[in-house]
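Small disclaimer: the values here were computed from a predicted structure and weren't measured. First the proteins, then the strands, lettered A, B, ... as listed; each starts at 1.
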Amino acid sequence: MSDGEEIGARFRRFQERLADGSVGAGGPERPLERGVGTPGLDVPGRDWSPKTQRREPGGGGEGGRRGGGRGRGEREGITVPPVEFSSYYGRPILKAPVWKHDIPAYLFTGGLAAGTSLIAAGADLTGRPALRRAARVTSLAALGASTYFLINDLGRPERFHHMLRVAKLTSPMSVGTWILAMLGPAAGVAAVSEVGPLLPSRGLLGFARRIAPPTGRVAGLAAAALAPALATYTGVLLADTAVPSWHDAYPELPFVFAGSALLSSTGAAMITAPTAETGPVRRLALAGAAIELTASHRIETRLGLTGEPYREGRGGRLLRLSRSLVLAGAAGALLGGRSRLLSVLSGAALVGSAVATRFGVYHAGVDSAKDPKYTVVPQRARLEQAESDTDR
Amino acid sequence: MAECHPVGFQWVMEAKRRGAKVFHIDPRFTRTSAVADTYVPIRAGSDIALLGGIVRYILENELDFREYVVAYTNAATIVSEDYQDTEDLDGLFSGYDPETGTYDPTSWQYDGHEPHGQMGDAPVQRETASAMQHESHGPPVPGETERDETLQHPRCVYQILKRHFSRYTPEVVERVCGIPQEKFEEVARAWTENSGRERTTTLVYSVGWTQHSVGVQYIRTGAIIQLLLGNVGRPGGGVLALRGHASIQGSTDIPTLFNLLPGYLPMPHHAQHASFQDWVDSIAHPGQKGFWGNAKAYATSLLKAYWGDAATPENDFGYDYMPRLTGDHGTYQQVLAMIDGKIKGYFLLGQNPAVGSAHGRAQRLGMANLDWVVVRDLFLIESATFWKNSPEVETGEIVPEECRTEVFFMPAASHVEKEGTFTQTQRLLQWREKAVDPPGDCRSELWFFYHLGRMIREKLAGSTLRRDRALLDLLWDYPTHGPDQEPDAEAVLREINGYEVATGRPVSHFVELKDDGSTAGGCWIYSGVFADGVNQAARRKSRLEQSWVAPEWGWAWPANRRILYNRASADPEGRPWSERKAYISWDPEKGEWTGPDVPDFEKTKPPSYRPPRDASGVAGIAGDDPFIMQGDGKGWLFAPAGLVDGPMPTHYEPAESPVRNPIYGQQANPTRKVYRRSENPINPSPPEPHSDVFPYIFTVARLTEHHTAGGMSRMLRYLSELQPEMFVEVSPELAAERGLEHLGWAHVITARSAIDARVMVTDRMSPLRIEDRVIHQVWLPYHWGSEGYSRGESANDLFGITLDPNTLIQESKVGTCDVQPGRRPRGPALLDYIGEYLGRAGVTPDHYPPILTTDAVTKSARKKED
Amino acid sequence: MVSADSLFGPIDPAPDAGYVDAPPRMGFFTDTSVCIGCKACEVACKEWNLVPDHGLDLLGMSYDNTGALTANSWRHVAFIEQPRPLGRQTPALAGTPTGPSGSAHMAEIASTTPGVPDTDPGLPPAPHPEPAGRMAAGPEFLGMPGTDLPGRQGGGERTDLRWLMSSDVCKHCTHAACLDVCPTGSLFRTEFGTVVVQEDICNGCGYCIPACPYGVIDQRKGDGRAWKCTLCYDRIGEGMTPACAQACPTESIQYGVLDELRERAQQRVERLHADGVPEARLYGHDPNDGVGGDGAFFLLLDEPEVYGLPPDPIVTTRDLPDMWRRAGVAALTMAAAVAVAFVGRS
C-alpha cells in the first residue's frame, strides 16, 4: 500500500471491481516473479516467493538457522520447476516400500535359482554332468539364500509361517511363497542326488547310489518346470503395488527379470562349469542379454515421466552399470571360446549385471514413491485426458 | 470460540448450516475466522471504539427499538445538571479527583436525587471491587425519576448517550481499531438488521474481554447496544460470557473472591459494615425498590447455614464471627504482600499462578517468600516446583537450597472422580455423577476441606479463646461415606438450597427464606435447586419430552429461570412483541404471566400496576418495569452509580500502548488500579517518550490443543504432541522487518521479562494501519511452563500488573513489547538485558507513567473559580 | 478363485467377500467445510485404540504437528493456509497494510522438517520444496488463470486468506489393494465392508504399504507390524459410533450407512454451490472411480493433492490378471530360450 493512500481505498476499489464483475479479468502474474518488490515502509524487503533451493532435511529440533542464509536482502536463484503440481507441504503421497536390501537381493538369488534349475535340467538331458552338478548345487545355494532374505526382511520373522495360512492369487507374494515351497524341496533333492557317485556300491547306501540319478532327474525336471514361474513372478510382485515406476512397468518387468535370471545363472555356470560343457550356456547368455536389454529399453522409453527414475538417480546409475556389464559379459561369452579365464570373467560380469539390474529396478521404484511428482502429475494428466475425451 | 470452546462452537456451525452469518472480530485469524463469513481484524485493546461506533451507528440512524428503549431502559430519564461528559473534559467525566484517582459520582445522578450513603467512598469501592456486588442487582437509586419520553430533553440519557458517542464515526473506528470502514459498516448493518420486533441477536464474549484495564466498560458497551436493540430479556438475545473453563459461573455465585459472599452478598467491610444492621441496610437500602428489599432474609439464612444454633437473633446470627475487609485483598495485592513477607501461607486449588497469572516472576518470587504453600492439583505443576525449576532459579533470584517455602502437594481428584455440580455461563446447574474412584491418594476438594475443618476443630476443641469461637461454633456435620470418609455432596447442595431449621424441610424458592433465623440457606439464589428434597440439578429429561425451553434439564438460578428479565419479552401491555419472538406474556383471563419459562416477575402483578408513591421493595416495581433488580426497574444505558470508572464507556488506550489516544487527551483509564513498585515496571506509552522501545502490540490466548496454564494438557502425551512447543505468531511483514525465520527462534521482551519462542510466520497475522502508522501485532499462547512433557517459556511472564478498577481483574490481554530474532540471554545476563531495555525506555524505580494525561480538570477547576 | 470383476468396478465388498446377508456397508463422510481443526478425532482415536503417541515434533506445517497418517496416527488433520478467498467470504485482510503472502515461504520451510521417528516410512521430508509452495501460494500454480482477485499476486498486498482443515483417515476402499496383496490373510474385509488388520496374524511383510494408493498403511518400528484405522471395528460391532466421529463437535466426521452418507454428501455439495462456494467438491464418493469408491469419502474445498490425496487413484490389482498373463509369457520365453540353447547343435 503506497504511503498516505486513503485508508480502505484499495478495499473500496476491490468492491467496485467485484460489483462491475471486472474482477479476475487480469491474468495472474507468474508466481516466480512475485515478491521482487523493493523494501518500503510496509512492503517487506524480503522475498517471500517459493524457492526451488533445496533444503537438507534434519536440524528440525534446533530450528535456529534452518533454511539458512535466507537473511535479509539475500536472494537465492529462482529456477522454473520442471513440472508444476502441488502437494501437501511437498511431502510424498504414497508410502515407499519399507523393505530392506533383502528384497532386491532376493530378486537376484531367486532368479539365479530359477535359471540354474533350468540349466541343470538341460545339462542333465543333454549329458553334461559337470554342468548339471554345478547348476544343481548353485540352485540349492541360491534357494537357501532366498529363503533367508525373505524371512530376514519380515517385521516379525518368527511369524514367517503365517505366509502358509492362505494361498492367494491376488497376492504375488503368496504365490511366490508357494512356488518356493514347492521348488525348494525338488531342487534340494536334485542337488543331494549329486552325492550318489560318492556312496559305496553295496548295501542300503548302494541302493541309494543306484536310485540317486533317476530321483535326481525327476526332481530336477520338477524344479525346472517351476523355475520360469519363480523367475518371472517377481516382476508381478513389484508391479502389483501403487509405486508408480513399478506399476507402470508391469508389462516389461517379468521380461527384465526373466532375462536377468538367465544372465545370472549362465554367468554362474560359466564360472563354475568346465568350458567344455558350457556351449549352450553361452548361447543362453546371449538370449538372456537380448531379452533383458529389449525389455529395459522399452521401460525407459515407453513409460514417460514414471520412466525417469530408471534413467536418473540411483536407479539410473545401477541400470547403466548393468547394461555395460551385460555387453561385456555377452561379448566374453560370444568370443571367449575355450579360455577358462575369459569364461570366468565374463561370467562374473553377467552375474554382476543381474545384481545391478535388480537393485536398480528396486531403487527406481522406491524413488518414484518418495516423490509426489510421480503420483500427482500422471494422475492429473489422466484426469485432464478424461475430461477432454468427454468434451469431445 | 472454535479455538477455546470447540464443543460449544458446534451450535454456531449448526446455525451457519441454517444460513446464519458468522462474524469474527479478533486481532488473530483463528480457527473461528477460518469458518466465519467475515473476519474483522482489530487492534487489541480498541474494542470500545468499535462498539461505540456501533452505538453511534444505531443512534444516528435511529435504528434503536424505540418502544422497548423508551419503556424498559432509562433512556428517558433526566440526569443531574452537574453532570459533565468526556466530551467536555477531554476524556474525563465530572467528579474526578486526581489525588485518589477516582470519581465522586454525585454529579452522575438522576436529576433531583440526593447522593446515597456509600457514594462518596469511591476509593474504598475500588479497593474492594464493590462493583462486583452488583453482578446480580443494581446499585442504589431511588425509584421515582424525572423522565422525558419524547427523548428530546438535552439532559435525558438518550441525548447524553448520543452526544457522548457522536465522535465514534466509521472514520474514527478505522483510525483507532484499524478496521476498514466497509467492514465496520458490514458488522453494524448485520447486527442492527438482525434485531428488533421480529429478530434478536445474542452477544457472546469470552472472558478475555474482562482482562483489560477497562474490561467492565467493554461489556457495558455491549450491553448498551443490546438494550438499544431490544435484545435483553427476549429469546435469542442477551449477553453471554463464555467462561475460561468449567463452572467459573459457579465460582462467582458461590464465590472464590475476596470481596463477595454466596449470592453476591458483600463481604463485610470493617468501617462500612460495623454492625449487622449496617451490613444488611447497605444491601437492602431501606426504601429502595426491587427484590433486594428482602436482603436481610438472605443474609440471616446464610449466617444460620454457617453457624446453625450458635447463630441467634441475640448475637446478630454470629455476624461478629465474620471476617472483615480492611481494603484490597485481591489476588495481586496478596502476591505483592507475599513479596513483602506479610503473608505466610497460600492454598492453590487447581490453580497454577506461576504460569496462569500475570507477571509470573512476581508470582514466583512471592511464593518463594512464604512459609508454606499447599498445592492441590492433578499433576506436579510449576506452582509446586517453582523453588527448584523456574526462570528465577536460572537468574539466581531463587536459590533452591535457601528457598524456605515448604510445599505440600496434595493430589486431587478430577471432575470424573467426584460428584457435584457444574454451573455454566447460562446459570444452569448440572449434577455430575462420579464415574470412577480417584487413584491412590487423590481426593476431592470437598473431602479435603471437610476433613481439614474437622481436624482443626479437633485441635481447637476446649479452647476458651474468643478468636476460636467462629471455628468451634461452625455447623460442620456433613455425613460421610466410603472407606475414605467422602462427604456427601448432595448434603452440601441441600444446605446451599436452604431449609427450615425446625423441620429440615428444603425450601423450594428464595421467597421462603426468613430473616428471623427460622431458615438457613447457603446461597439464596440457589434456593430451589433441592426443592421437594429432590436434586433438581440432576434432572435429565429429554428435550423431546418437554417444551423447547427444556425447563426440566438441570436447574437454573434463580428459581429455574432460563432467561432473566423475561418480562421484557412482552410489550408494556403484556403482549408479545411479535409472534416469532413470543415468550412470556400476560394472560388477562387467568390474570397471570404465562409462557414456556418461569416469569421473572411477580406472577400475578398486572402490566397496569402502578406502585403507590411510598412503596418500596418489590411492591415499588411497576407492572411494566422488567428489570426488577434495578432500583428504577429499568435497563441502564447510563449508570448513575455502581461503576468506579464512569457512567458510560469511553475509549481509553490500554495501560501499555504504542499510540496516543486518538480520541481524547486522557490516554488510559484514569481510575485503573496500579501498583507502583520496583518489581512492577510498566512500558512507557504516549504521551511519555520512548514508547518506541517497545514498538509492537502483543496479546496472549489459548490453543484448542491445550488447557489454560497447561496443567491438564502439557502433562498428557496425546495433547502435548499436537502443539509440542511454545511459539510466537508473526506476520510476514514483521518477520521481514525483524529478520525472523519460520520455525527459527525469537524472543519477546517487555519491562518485566524476556521469553523464548519458536517463530510461526503466517498470513493469519497482519499489520494494521492506526492513524497514519503501521502497527504490528504478535500473539503467543500462554500454556507453557517448565514442567510436563512439552515445556516452554510462559507468556504471562511478560505482563505487568494493572487492574480494572471495578473488578480488580488484571490487564493481561494486551501490552507492548519488542521482538528480536534468536534466543534470549540466559541466567543472570537476562536481568542485565532487561535492565538495558529499561534504561533505553527511561523506566526507573521512581518513575511511573502518569495516570492523568490531560489538564482538563485543572482547566475546568479554573473555570469554576472565574 | 478370484473373478476379474472382483478386482475392479462398482461392487458391494462384503457380499463379494462371501458374507451372506451382510449388514449395510458402513463408512465415513468427512465434510471439511465444517472442520474447525480441533483434532478431537486424533485424540479420541488414540485413546480408544491405544495408539502410541507420535512424538513431540514442531513441524511448522501451520497447526499440523502430526504430519501424515502413520502407524501411530490413524486420523490426521491437515492445515493449509492460502492467500485465496473461500467462496463469497469477504476478503479477510482487505484494507490492511499487508505485503506479499508468506504462506508459500512458510510451507516450503515446513516441507523438510523431520517428524514421527517411530514409524516406517512415517513422514518423510519433501524431495523438493516447490510443490509445498504451490500448495500454499494460490490458484495460479494450478494453471487456472483468470480466477484471481486484485491484491493476491506476488509483489502486491495480500487481501484474501483462507485456512483449510481436513481430517484424513483410511479410505476403506471397495477394492483394497492392501487387503488383496496381503500374503497372510491378516488384512480382511469385515461384514461392514471395512478393511481391518489382524494384529495377531500380521508378520510385517510390508507388502500392503507400497500397495496402498493413498499412502495410509504404515509400519510401526520395533513392533514391525502394519497398522491403520479399523473404523473402530470393535465399536461398530456393538452398534456404537467410531471414536473420531463420536468426538467430532461439528459433525465434520459423519459415520453411517454409506449409501445414505453419499446422498447426504450430494445434498451438502449442492447446498454449498448454491451458497457461493463453487470450489466444493466430493472426493472418493464415486463407485466408478479407480478403487470402486471409498468407504471413507470427503468433501474438499481444493484439489485433492493440496490435502495430500492422490487426484485419481487406481487400485493396482485392476491390472493383476494382465500382469499374470505377461509373467506367463515371459516364463515361456525363458523356458523356450533354454530349450533352444540346449537342443541346438552341441
Portion of [X] that has a non-hydrogen atom of chain C nearer than 4.5 angstrom:
X      : value
B:I179 : neither
B:E729 : side chain
B:L703 : side chain
B:T30  : backbone
B:M765 : backbone
B:D763 : both

SB check B:R823 B:D756 (cutoff 4.0 Å):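 Counted as a salt bridge, because a side-chain N and a carboxylate O are separated by less than 4.0 Å.
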
Electrostatic pair C:E303-C:R134, nearest N-O below 4.0 angstrom: no

Residue part contacting chain B, namely of C:F79, when any heavy atom lies under 4.5 Å: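 It is the side chain, since no backbone atom gets that close.
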
Side chain, backbone, both or neither of C:C248 within contact of chain B (heavy atoms, under 4.5 Å):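 Looking at C:C248, nothing touches chain B.
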
Modelled atom types, side-chain donor and acceptor of C:S166 and C:T32, under 3.5 Å: no

Modelled atom types, side-chain donor and acceptor of C:D64 and C:H76, under 3.5 Å: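 There is such a pair between these side chains.
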
Flag side-chain contact, heavy atom, 4.5 Å: C:D160 against C:P83: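 No. Closest side-chain heavy atoms not under 4.5 Å.
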
Most heavy-atom pairs under 4.5 angstrom with chain B, which of [options]?
options                       : answer
C:R162, C:E251, C:R268, C:E42 : C:E251
C:E47, C:M165, C:E81          : C:E81
C:L93, C:D275, C:L164         : C:L93
C:L161, C:V43, C:T250, C:T66  : C:L161

B:R17 atom CZ: more than 12 heavy-atom contacts under 6.0 Å: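 It does: B:R17 CZ has more than 12 such atoms within range.
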
Ring centers of B:W191, B:Y57 separated by less than 6.0 Å: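 Not close enough - the centres of the two rings lie 6.0 Å or further apart.
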
Aromatic ring proximity C:H105/B:H742, centre distance under 6.0 Å: no

